[in-house]
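These notes concern the structure reproduced below.
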Amino acid sequence: MDQLITGIHHVTAIAAGAQKNIDFYTGILGLRMVKKTVNFDAPGVYHFYYGDETGHPGSILTFFPYEGLAHGRHGKGMLNTTTFSLPITSMNYWLERLQRFDIAYKQPQERFEGEAVVYFEDADGLGLELVFNDKDTRSGFTYGHIPAEHAIRGFYNVEIWEEGYERTAGLLTEQLDHRLIAEKGNRFRFAATDAPGNYVDIVCSPDSLRGLAGSGTVHHIAFSTPNAATQQELRLKIVKRMLNPTPVLDRNYFTSIYFREPGGVLFEVATAGPGFTVDESKDHLGEALQLPPQFEADRAAIEKEVLPVTLAPANFK
Ligand code: ZN
């Protein structure tokens, strides 16, 4: 049977400042800005997409930057950590790089076998990790300021905290084509495809407070479905599970449905295509502000509302 879900598509988080966000993700981490657009549901706010060269599913971290927004709080019912995959041979390079940019991090720790994990946060407190491993075959993107061999390959896993893991696990395995592939202590790892970029860790943390939305927190996680037909089929399964999905929404680079999983995290299912080259060429991804057709008539007003930003990763050698 063909899978309706193949893995992670993207993670979307909330930031407090647009320029700071660009500097951190393209400059310090070296991700490619694959799209600079606005929030389709609130076009006065940017929507930045960072990823690999073309923004493959499993590499895309996106942000809504609200200038001056108060911090949220990590906690249960929330995706608290997004991790990036790197070769094991890149660890020294990255530890030195984090130090150089004055980013506090926790010492490397083995999680599952063959995974050395380093936790740190962005300027808004968003939970991030570098996972050094030897099983990622993807190539990374570089603007040239980070050696290609040390470029981030995409996501490794995400970490969701829950009161209990069972109901979310049920949804992942029964409706979303995931299976349990590893567990350790209170951590249960699921994947639709057993490869870096697709691991979803559910961590049972009944004693933590509930997460609180704000800057430095994740808004939702999107899973990847091959096409419009598989998305419809999946949507019906979510309806049958009584999770009340939205209608299919056109996000220009993919179409989406949204629903809240039983533990409280907002889930999205997005189509793998058409992708980020629908409105600008691969060589120029992320350079100009792209607006979907419905907002093009308001371009002048939108450009006035969002603060101008600069993409200059080379300043972060
Ligand atoms: Zn999304």
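Atoms within each ligand, like the ligands themselves, are counted from 1 in listed order.
Considering only residues two or more places apart in sequence or on other chains, T277 meets the side chain to side chain contact (heavy atoms under 4.5 Å, CB included) condition with K282, L285. Residues forming a side chain to side chain contact (heavy atoms under 4.5 Å, CB included) with Q232 (at least two apart in sequence, or on another chain): R235, V248.
For residues 142-157, every residue pair satisfying the side chain to side chain donor-acceptor pair (under 3.5 Å) rule, not counting sequence neighbours, is listed here: T83-N157, S90-H150, E115-Y156, N157-D201.
The ring pair (Phe, Tyr, Trp, His ring centres under 6.0 Å) test with F63 is passed by exactly one of Y25, F48, Y46: Y25.
Around the Zn ion (ligand 1), the protein contributes the following N, O or S atoms under 2.8 Å, ordered by chain and number: H10 NE2, H220 NE2, E268 OE1.
Under the 4.0 Å criterion applied to side-chain N and carboxylate O atoms, E162 and R167 are not assigned as salt-bridge partners.
Judged by distance alone, the side chains of H220 and T12 do bring a donor and an acceptor atom under 3.5 Å apart.
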